[in-house]
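Everything numeric in this text was worked out from a predicted model, so none of it was measured. Heavy-atom basis, side chains included; hydrogens, waters and symmetry copies ignored.
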Amino acid sequence: MMSHFNLSFTDQYENIVRRMLLLPFFLLATMCMNAQEERTLMPVDWQAIKKEVKENPVHVKQLVARLSGETIDRTLTFPERVLAFYGQSFLSNDAEDVYRTDMDKSFEDKKWKKCLATAKKMLDVNPLNLNALITTGEVLIQMSQDSTRWKNVKEDDARPYINRAMRIFNTIAVTGDGSAEHPFYVTKVSDEYCFMRYYLDLWKYKKQTATSCCDIITLDGNSKYYDRPEIYFEITRVYELERIMFQQ
């Protein structure tokens, strides 16, 4: 299921977020389309990450803190980023999802302060939750446009959250190339749509189908960042989290 920002975000604010996300990272995003053979892919080894989280949770939490810092940690390697982002899924097990409905409803009702507060609760549990990061960025941008009501909110207040989201997008990007042979790895279905829209500038889709390990999105057109007719996402962890939820 797509979350609210894929459906209701107005063009005005959508374009601001797209500008913040896409323009500073043009070369890296273009690499996803034009130079797959020149970069090293890092498919996620779920069992290895699960083992590392179990045996060294403090180490993984330290990597998560570095990945989610206010400023980028340029000493953080991509293997460490992968361990941080995908390892966080095992640390939180989607526990932040209990707040998602309230956050989405507050966004739809334009109750910005409540929406920010709920998004913060999600990020307190999982600081790498893309839904909460993009939502926070969107709300702060919208608030910044109403200087009469929100005098102290500036567009740049959204940038730390947008920047953190971009680090996550860059991490997802190294796990594959979107092909059937090398899908991008995700932990949530909503991350697929965030990644397509705000990283690859893909906004139109014909259909979504699922296999035993992948979501396959058939695209209605492409972008300068991605030129295949379909994009594959590996969803082993999505299925695992669903099983955990239904067992509760």
Side-chain angles (χ1 to χ4, degrees), residues 20-21 24-25 28-29 31-32 39-100 103 116-137 140 156-176 183-192 194-195 198-199 233-241 244-245:
M20 283 186 174
L21 283 167
F25 295 90
L28 183 57
M31 178 181 67
C32 292
R39 68 191 182 99
T40 301
L41 300 181
M42 301 179 186
V44 176
D45 184 336
W46 293 113
Q47 292 306 312
I49 288 180
K50 187 174 184 178
K51 180 180 179 182
E52 183 66 17
V53 170
K54 181 178 180 180
E55 296 180 353
N56 299 294
V58 173
H59 173 60
V60 177
K61 290 177 182 178
Q62 289 172 340
L63 294 178
V64 170
R66 290 168 64 188
L67 184 60
S68 59
E70 185 170 339
T71 59
I72 187 171
D73 183 344
R74 299 188 183 281
T75 67
L76 197 63
T77 66
F78 270 105
E80 288 175 328
R81 289 182 180 214
V82 168
L83 177 56
F85 177 61
Y86 297 96
Q88 175 62 50
S89 177
F90 291 98
L91 289 171
S92 53
N93 279 319
D94 259 7
E96 74 275 14
D97 202 51
V98 297
Y99 302 111
R100 179 178 55 81
M103 182 184 71
L116 288 178
T118 311
K120 183 181 183 300
K121 290 180 181 179
M122 293 182 70
L123 292 173
D124 285 343
V125 177
N126 178 0
L128 302 180
N129 184 290
L130 276 172
N131 191 340
L133 288 170
I134 294 294
T135 296
T136 299
L140 289 171
D156 274 353
D157 293 339
R159 194 169 296 277
Y161 300 95
I162 300 300
N163 286 345
R164 194 190 310 179
M166 177 52 72
R167 293 173 213 159
I168 298 170
F169 291 147
N170 288 340
T171 302
I172 294 173
V174 302
T175 65
F184 294 115
Y185 285 67
V186 295
T187 65
K188 304 175 188 294
V189 172
S190 60
D191 291 352
E192 300 173 12
C194 284
F195 184 77
Y198 293 109
Y199 192 81
F233 291 95
E234 207 274 2
I235 56 172
T236 295
R237 182 61 177 157
V238 175
Y239 284 143
E240 184 175 32
L241 286 168
I244 293 172
M245 179 183 67

Quick one: do Gln88 and Ser92 satisfy side chain to side chain donor-acceptor pair (under 3.5 Å)? Show the steps, please. CA-CA 6 Å; Gln88 175 62 50; Ser92 53; 3.3 Å; yes
Kindly confirm or rule out a cation-pi arrangement of Arg167 over Phe85, judged by NZ or CZ under 6.0 Å from the six-membered ring centre and within 45° of its axis?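 The answer is no, since Arg167 fails at least one limit relative to Phe85.
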salt_bridge([X], [Y]) N-O dist < 4.0 Å:
| X | Y | value |
| --- | --- | --- |
| Asp191 | Lys188 | no |
| Lys50 | Glu240 | yes |
| Asp97 | Arg100 | yes |

So Asn170 and Arg81, do their side chains get closer than 4.5 Å, heavy atoms only? yes
Flag side-chain contact, heavy atom, 4.5 Å: Thr187 against Trp46: yes
Verify the ring-centre separation between Phe195 and Phe184: is it less than 6.0 angstrom? yes
Look at the aromatic rings of Phe169 and Tyr199 and report parallel, tilted or perpendicular, splitting at 30° and 60°.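 Correct class here is tilted.
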side-chain contact (heavy atoms from CB on, under 4.5 Å) between Leu140 and Arg159: does it pass, once the steps are laid out? CA-CA 9 Å; Leu140 289 171; Arg159 194 169 296 277; over 6 Å; no
If we ignore angles and hydrogens, is there a donor and acceptor under 3.5 Å between the side chains of Glu234 and Thr236?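 Thr236 and Glu234 do have a side-chain donor-acceptor pair below 3.5 Å.
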When every non-hydrogen atom of Glu80 is compared with those of Thr75, the smallest separation belongs to OE1-O, 3.8 Å
Supply the atom-to-atom distance Thr136 OG1 to Asp157 CG, rounded to the nearest 0.5 angstrom.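 Here the rounded value is 12.0 Å.
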